[in-house]
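Heads up, the thing below is written out as structure tokens.
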Amino acid sequence: MKNPLLQDWETPFGMAPFNTISDEDFAPALDVALGAHTAEIAAISDNPEGPTFANTIEALEAAGTDLDKVLGVFFTVAGADSNPVREDLQRAFSPKLAAHFSEISSNKALFARVSAVWEARETLDLTDEQARVLMLTHRGFVRAGAALTGADEARMKEIKGRLAVLGTQFTQNLLADERSWSMSLAEDDLIGLPDFVVDAARAAAAELELGGPVVTLSRSLIVPFLQFSPRRDLREKAFRAWEARGANGGDTDNRAIATETLKLREERARLLGYASFADYKLETEMAKTPDAVRNLLMSVWEPAKTQANADAAVLTKMMQDDGVNGDLAPWDWRYYAQKRRAIEHDLDEAALKPYFQLDRMIDAAFTCATRLFGLHFAPLDVPLYHKDCRAWEVTRDGKHVAVFIGDFFARGSKRSGAWCSAMRAQAKFPNVQTPVVINVCNFAKSDPALLSYDDARTLFHEFGHALHQMLSNVTYESVSGTSVARDFVELPSQLFEHWLEVPEVLSEFATHAGTGEAMPRAMLDKVLGAANFDMGFQTVEYVASALVDLAFHDGAAPDDPMARQAAVLDELGMPDAIRMRHATPQFAHVFAGDGYSSGYYSYMWSEVMDADAFEAFEEAGGAFDPERADALEKHILSTGGSRDAAELYVAFRGRLPGVEALLKGRGLAA
């Protein structure tokens, strides 16, 4: 029987035929695809003809089609619907893939050809996009260690292989800890919890095949439990389990992995001639230097900490009025913040949540995309990798644009968090290919599915990434969609969040699950008025994580990352009742791979731009101003990484932004 991963997919829009793919197909398909890619690379490097853009750079762009197909499917299911077989495969694949790509980056003949094309670039009459692809290709080889020789070259291969193994193990340990813990709730323990939290706890128990309701370590369940449970002892037990993920000792402890990862990253950077891993990593970002990152974060840290300390005093007084003596603890903050929000903004989360139905929020995101960019979404009945997944065909002016897949519900087989990925990216070379884009979230499953306001923001955020993929209009896949600087990639996603706050969007789509009635204007005003509620807490927990990430990578790697984390937080004067958003043993952004290492700041760097970019709409004709929407698509969403990020932003806005719009948007301006 032929391996379906290696066949031409005669399916609607060339989608993966998930109904014919089994776990047994992945390993043999990967071996064949790696062999084919190796042969393609050899044909390029051994080509007797002189190096040209076409026979070297474009040939590299065209290589690896089968490998892209296999990995696109595998990493989709490994992240969103894992099982023991897929986890074993991931552990086996990681070093194999690292070795494969190390062989390519250390291929001296290939690097010589790339370098020859690079040296001749002024004589080649390249388009702007071709010149950009050439620069990125050459730079990628250099940064991967292509110029290294001898022992240094061999050591670089070892480091890359080991880092791949460590990143996979970190992710799997975290998933294992999240999957293995639950706290059973007696009926008396449910007192004070809103119906939607109780429903989520019962649904979690059903998935785990347990009798009564449970709290798990899924963020979509544990956060509302911490917000609403009046049982301080249960809040503490749940919070301590959440905080201990990756640091429980035994086989799933991530602390030694973090230590080794940081040491290897430092060694990798020094082999390439950089003073630190942060210097190496930030060279290709908008920020460029560790000092620029630190300056941004500290400009936000002080006003955020001031606000958080003031809020802590208020919450402590509320707690003591409840008869609880002592200091406000991390498992108290969300509970008393929720009570304060209800008092100051007259907002009851239990009354609010029925207005944020998942299906209506999906409709809201789609409608905003229609009004801004002319996109239309029609449900698709196609085989997908899990029964909870849904798919839509995306069209514009009657022409196919993309396929969009939504996988919205939490489950034990899915890693935590939310993300967007492209199983197939947009490109025109060597053949025209339209994107297949997936948004993965971890919302609590209920009937009907109801979201918190933060959940709705997450949905819009990830859909902003999806728009970046779907509206991409470049020639080469290497610069398609979200293939941009890390501190620019969050601009489209964070910018799209603003449309959730547009009153006309909420008034149309925030409709009650029971009655179908639109959210009352008074409640709508309260929701928008409370948009910056508890922003001191939210900003402090995020910026602390970003500053710890930077400290890990700017200078010598710490012998004890946990001690270094503690020292950084002490230097900052971290409020006692707030923890980092991601403590080191759970910091998958930083340790599951290189993606956000030295780069967790990028959400805030992008937020400086998204706050300023939305102001551009407000200064024009409003949130749906057609000229601003056209400019956003033309200069940012369609261009991918085909031009420098700062250049793209200036083309859209006319200038680079300052931090003022961000502080104003977070309610932290003086």
Side-chain angles (χ1 to χ4, degrees), residues 26-27 29-31 33-35 37-38 41 64 67-80 82 84-107 140-146 148 152-176 246 251-272 274 277 280-281 284 415 417 419 421 483 486 549 552-553 557 561 584-600:
F26 287 119
L30 181 67
D31 287 341
L34 287 174
H37 194 219
T38 298
I41 295 301
L67 187 58
D68 289 343
K69 285 172 61 178
V70 174
L71 295 181
V73 175
F74 177 73
F75 284 120
T76 293
V77 298
S82 192
V85 172
R86 292 169 186 173
E87 290 180 1
D88 286 345
L89 289 171
Q90 204 168 2
R91 286 191 289 270
F93 288 0
S94 292
K96 185 178 290 190
L97 288 167
H100 175 75
F101 288 108
S102 286
E103 284 298 320
I104 294 173
S105 62
S106 62
N107 183 321
F141 271 90
V142 172
R143 287 172 57 81
L148 297 177
D152 288 348
E153 179 184 4
R155 179 58 182 154
M156 180 63 80
K157 288 182 180 179
E158 291 176 1
I159 289 171
K160 288 180 183 178
R162 182 60 180 159
L163 284 171
V165 170
L166 292 173
T168 297
Q169 190 62 54
F170 189 97
T171 304
Q172 293 187 353
N173 287 349
L174 186 55
L175 180 61
D251 292 341
T252 62
D253 197 296
N254 276 333
R255 288 171 288 190
I257 291 176
T259 303
E260 186 179 357
T261 297
L262 294 172
K263 294 285 188 185
L264 290 173
R265 285 177 180 164
E266 180 193 4
E267 185 180 358
R268 177 182 177 184
R270 293 191 186 281
L271 282 172
L272 294 170
Y274 293 89
F277 184 81
Y280 161 75
K281 191 68 185 294
T284 61
R415 63 180 171 90
W419 64 93
S421 59
S483 298
R486 180 64 63 177
D549 166 41
F552 280 162
H553 296 99
T584 297
Q586 306 119 39
F587 213 161
H589 281 80
V590 170
F591 292 106
D594 271 0
Y596 282 90
S597 55
S598 264
Y600 193 62

Looking at NE2 of His553 and CG of Leu262, how far apart are the two atoms once the value is rounded to the nearest 0.5 Å?
-> 5.0 Å
Apply the test salt bridge (charged side-chain N to carboxylate O under 4.0 Å, His left out) to residues Glu158 and Arg155: give CA-CA distance (whole Å), side-chain angles for both, the deciding distance (0.1 Å), then the verdict.
-> CA-CA 5 Å; Glu158 291 176 1; Arg155 179 58 182 154; 3.0 Å; yes
Just wondering, do Val77 and Phe26 contact through their side chains at under 4.5 Å, heavy atoms?
-> yes
Show the numbers, then the answer: is there a side-chain contact (heavy atoms from CB on, under 4.5 Å) between Leu272 and Leu148?
-> CA-CA 8 Å; Leu272 294 170; Leu148 297 177; 4.3 Å; yes
Test ring pair (Phe, Tyr, Trp, His ring centres under 6.0 Å) applied to Phe552 - qualifying residues, sequence neighbours left out | none
Here the gap from Thr252 atom OG1 to Ile257 atom CD1, rounded to the nearest 0.5 Å, amounts to 9.0 Å
Are Leu71 and Leu97 close enough that some pair of their side-chain heavy atoms sits under 4.5 Å apart?
-> yes
Which is it for Gln169 and Asn173 under the side chain to side chain donor-acceptor pair (under 3.5 Å) test, yes or no, and what are the steps along the way?
-> CA-CA 6 Å; Gln169 190 62 54; Asn173 287 349; 2.7 Å; yes
Ile159 vs Leu271 side-chain heavy atoms within contact, under 4.5 Å = yes
Student check: side-chain heavy atoms of Leu166 and Leu264 closer than 4.5 Å | yes
Nearest-0.5 Å distance that lies between atom CZ in Arg415 and atom OG in Ser82 | 10.5 Å
side-chain contact (heavy atoms from CB on, under 4.5 Å) evaluation trace for Asn254 with Phe591 = CA-CA 9 Å; Asn254 276 333; Phe591 292 106; over 6 Å; no
Looking only at heavy atoms, which two atoms of Glu153 and Ser106 are closest? And how far apart?
-> OE2-CB, 3.2 Å
For Asp152, what residues pass the side chain to side chain donor-acceptor pair (under 3.5 Å) criterion, not counting sequence neighbours?
-> none
Minimum heavy-atom separation for Lys160 to Ser105, with atom names?
-> NZ-OG, 3.2 Å
Using a 4.5 Å cut-off on heavy atoms from C-beta on, say whether the side chain of Lys96 contacts that of Leu30.
-> yes
Rounded to the nearest 0.5 Å, the CZ atom of Phe587 sits from the OH atom of Tyr596 at a distance of 11.0 Å
Exercise: identify the closest heavy-atom pair between Pro585 and Gly246 | CB-O, 3.3 Å
Side chains of Glu87 and Leu175: does their closest heavy-atom pair fall under 4.5 Å?
-> yes
Step by step, work out the side-chain contact (heavy atoms from CB on, under 4.5 Å) result for His100 and Leu67.
-> CA-CA 11 Å; His100 175 75; Leu67 187 58; 4.1 Å; yes
At their closest point, which heavy atom of Asp549 faces which heavy atom of Tyr600, and how far apart are they?
-> OD2-N, 3.1 Å
Working to the nearest 0.5 Å, report the span between NE2 of His589 and CH2 of Trp419.
-> 11.0 Å
What distance do Gln90 atom CD and Gln172 atom CD have between them, rounded to the nearest 0.5 Å?
-> 5.0 Å
Is Arg270 salt-bridged to Glu267, cutoff N-O under 4.0 Å?
-> no
Hey, which of Arg486, Arg143, Arg265, Lys281 is the one that makes salt bridge (charged side-chain N to carboxylate O under 4.0 Å, His left out) with Asp594?
-> Arg265
Looking only at heavy atoms, what is the nearest atom pair of Ala98 and Gly161, with distance?
-> CB-CA, 3.8 Å
Is there side-chain contact between Met156 and Ser102, with heavy atoms separated by less than 4.5 Å?
-> no
Minimum-distance pair of heavy atoms, taken over all atoms of Pro95 and Ala164 = N-CB, 4.5 Å
Where does the angle between the aromatic ring planes of Phe277 and Tyr280 fall among parallel (under 30°), tilted (30 to 60°) and perpendicular (over 60°)?
-> tilted
